[in-house]
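Just the heavy atoms: all of them, side chains too, but no hydrogens, waters or symmetry mates, feed the values below. Heads up: numbering here begins at 1 and tracks the sequence.
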Amino acid sequence: MSWLAGHSPSLKTACSSKTMRPETDQEAAATAGSMALGAPSPVGYGGPSWWPASVLQELPRSVGLRTVLVVYLFVSLAAVGSGVLMVAWDWSGIPITVATVALEVTIYPPLVITFLLVVWLGPSWSVPVAYLTTLLLAVYSGMSVGMSALFALASPVEVLVFWGSMVIVGLSPSLHRRRDLLLLLFAALVATVASSVAVPLWNAEHGLDLLTGQRVWRGWVIGAVLQVVLIVAPAMRWGTAPVQRWLALQMPEPPRHSLSIRKSIVLVALVFVMLAILLSRGIVSLLEAFASGQLTVAEVSTSPPELVRGLLVLLGLGFTTMLLVLVVFTSALARTNERDRILALVDPLTETLNRRAFQFHFRQEVARTKRLGRGLSLLLFDIDHFKRINDEYGHQVGDEVLRALAFLVRGLIRPTDFLFRWGGEEFVVLLPHTDFDAALEVAQRLCVSVSSRRLIELGSGEGPEVTVSVGIASALTASDAESLVSRADAACYAAKRTGRNCVVADPRSADGTTAPEPS
């Protein structure tokens, strides 16, 4: 290690393969692994992504979007056609026997299509298909247009609750984890039970007795869950990655990953109102049919008290369902609010913490340092000649360099350290419980790791050569963030002024001098 010390106002060490051995392939792999195990992205969200309806504004200018729209229309026609066939061929309440247990199963192919649409494209694309399909099949079954329009609300409710449940639990559509299938079953069950509040309306309009109506309800729920397990889950597991890659190539803008609080509240209110309308209208229709004698008596003897009990069961089921959905979506709001709060502290390009998050973490670590009596260090580093990279390769390549650098640094630091994007091409690393010598070792490792490899490679196999200049500031106690940052910033500036691609330490850091207290 070569030092420039003595009477100079700072300590400097050059960053080259001569002053510090570069990582071997095994060490590089371990570095990447440490990020996956101990330093994950602050966002930490694995739920579904989606494209809003506003993306259609780009339709005249995007050939890829027009291709997506053609495929979407074809899939929508398939959903409508299969829904009509379901009624024409009477796939409702099909009796099956499983281990001597007799069950009724309703096969509804549009459910599979709309669930996959909401997972891969989003609710703006799936809800219209779900509503139109159910509306047409209800009319085809003999229901009036008005009642069909009301009954068709059940499908948008089902789709939105399914999608919202996935958002709540952060369920990855690729179903990589073992527990993802159980979470998917939870989402499907909640969604199906929610939509089943429309069953009383269907039963009343078709003159079904209550016992038959209960069998229809069971068939609705069991059939939906079976379709999710046997068709939707495998399609999500093996189809999500290729579908998302294809959509990313076709769409003119990236997908969304979060809802604003305002939109989330609107969504919850909309779902709850639709559920209330369906439940109340269904109960009223059943009571009217019962009073007018239109309800047929089941083959077994059914007395009026038993019919009343059946109505009460349906009423209790409906209100229980509404309560469950309200709890689920209230949790969704809380999760969305928490995620928005986290995203406000995260740089969207590099997924590192941003400058706003620094003060919070700095105060926490200062308090912890005072209790434990251990040092606190800070690295401020800057990409050398970053403007030249942007000018020569373009800003998109510059963005890729920033992302790759953030990825590399997260793998070099401990899980208890913090990486911030300070602004532009500047980053800050906060090192709790770290004295000057340990901070110097981290800084040198960072500097060498960047300069000894290509952060990105372009199609030609080449890429910009990237180096960084690092400034260090350390203190035994430091209650003033601005003072510590300014010391590290001055050291980083000195590193740039004296040749770049090196580490310079603030002179007060080596002897453990404390940062001045704020006035």
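A side-chain donor-acceptor contact under 3.5 Å links Q227 to the backbone of G223. Between the side chain of S126 and the main chain of P123, no donor-acceptor pair closer than 3.5 Å is present. Within the 3.5 Å criterion, the main-chain N or O of G424 finds a donor-acceptor partner in the side chain of R421. The closest donor-acceptor contact from the side chain of S62 to the backbone of L59 lies at 3.5 Å or more, if one exists at all. For the pair D180 (side chain) and H176 (backbone), a donor-acceptor distance under 3.5 Å is present. Between the side chain of S486 and the backbone N or O of S483 there is at least one donor-acceptor pair closer than 3.5 Å.
Other residues, nucleotides and ligands place no more than 12 heavy atoms under 6.0 Å from the CZ atom of R356. Applying the 6.0 Å contact sphere to OH of Y493 captures no more than 12 heavy atoms from other residues, nucleotides or ligands. Counted within 6.0 Å of CD on Q57, heavy atoms from surrounding residues, nucleotides or ligands total 12 or fewer; the atom is thus considered open.
Counted by atom type alone, T350 and D347 present one or more donor-acceptor pairs between their side chains at under 3.5 Å. A donor atom on one side chain and an acceptor atom on the other are found under 3.5 Å apart for S474 and S377. Checked by atom type, the side-chain pair S469/D382 shows no donor-acceptor distance below 3.5 Å.
Here the OG1-CG distance, from T133 to L111, works out to 11.0 Å after rounding to the nearest 0.5 Å. Taken from CZ in R368 to NE2 in H361, the straight-line distance is 10.5 Å, to the nearest 0.5 Å. The distance from the OG atom of S195 to the CE atom of M274 is 11.0 Å, given to the nearest 0.5 Å. To the nearest 0.5 Å, atom CD1 of residue I383 and atom CZ of residue R500 are 12.5 Å apart. From R355, atom CZ reaches atom CG of L345 across 14.5 Å, with rounding to the nearest 0.5 Å. S76 contributes atom OG, which lies 8.5 Å from atom CG of L69 (distance to the nearest 0.5 angstrom).
Of all non-hydrogen atoms in A488 and L380, the two that sit nearest each other are CB-CB, 3.9 Å. For the residue pair Y131 and S155, the shortest heavy atom distance occurs at N-CB, 4.5 Å. Shown here for I231 and P234, the closest heavy-atom pair between the two residues is O-CD, 3.3 Å.
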Listing, residues 243-253 side-chain donor-acceptor contacts under 3.5 Å, not counting sequence neighbours, or none:
none

Which donor-acceptor pairs under 3.5 Å do side chains of residues 392-408 form with protein atoms, sequence neighbours excluded?
| residue | atom | partner | partner atom | Å |
| --- | --- | --- | --- | --- |
| E400 | OE2 | R403 | NH2 | 2.4 |

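Side chains of V159 and F162 form no contact here, defined as non-hydrogen atoms less than 4.5 Å apart. Side-chain contact between V468 and N501: absent, with no pair of heavy atoms (C-beta onward) separated by less than 4.5 Å. By the 4.5 Å heavy-atom criterion applied to side chains, F436 and L440 are counted as neighbours. Between M236 and F115, the closest side-chain pair of non-hydrogen atoms is not below 4.5 Å. Contact of the L160 side chain with the V127 side chain is registered, since non-hydrogen atoms from C-beta on lie closer than 4.5 Å. Looking at S449 and L412, their side chains come closer than 4.5 Å, going by heavy atoms from C-beta outward. Annotation: side chain of I472 is not in contact with side chain of D506 (no heavy-atom distance under 4.5 Å). For the pair L378/L431, no side-chain contact is recorded, criterion being any heavy-atom separation below 4.5 Å from C-beta on.
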ask   = After noting the C-alpha distance and the side-chain angles of L430 and L376, does the key distance pass the side-chain contact (heavy atoms from CB on, under 4.5 Å) rule?
value = CA-CA 8 Å; L430 182 61; L376 181 70; 4.0 Å; yes
task = Would you check, one step at a time, whether the test side-chain contact (heavy atoms from CB on, under 4.5 Å) holds for R454 with E465?
result = CA-CA 6 Å; R454 287 194 186 277; E465 294 184 359; 3.8 Å; yes
inquiry  = Between I113 and Y108, is the side-chain contact (heavy atoms from CB on, under 4.5 Å) condition met? List the steps.
reply    = CA-CA 10 Å; I113 296 174; Y108 186 57; over 6 Å; no
Check against side-chain contact (heavy atoms from CB on, under 4.5 Å), L419 and L353 = CA-CA 6 Å; L419 173 63; L353 294 168; over 6 Å; no
message = Could you go through W422 and F358, starting from their C-alpha distance and side-chain angles, then the distance that decides it, and tell me whether this counts as ring pair (Phe, Tyr, Trp, His ring centres under 6.0 Å)?
response = CA-CA 9 Å; W422 203 245; F358 177 80; 5.1 Å; yes
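Checked against ring-ring contact (aromatic ring centres under 6.0 Å, His included), H385 has no partners two or more places apart in sequence or in another chain. For D435, there are no salt bridge (Lys or Arg N to Asp or Glu O under 4.0 Å) partners, not counting sequence neighbours. For A491, the side chain to side chain contact (heavy atoms under 4.5 Å, CB included) partners at least two apart in sequence or on another chain are V504.
Classification of R388 and D391 as a salt-bridged pair fails, no side-chain N sitting under 4.0 Å from a carboxylate O.
Ring pair W50/W163 is perpendicular by interplanar angle, where above 60° counts as perpendicular and below 30° as parallel.
Taking the six-membered ring for Trp and the full ring otherwise, F427 and F420 have centroids separated by 6.0 Å or more.
Evaluation of the side-chain hydrogen bond (donor to acceptor under 3.5 Å, both in side chains) test over residues 110-122, restricted to residues two or more places apart or in two chains, returns W120-T240.
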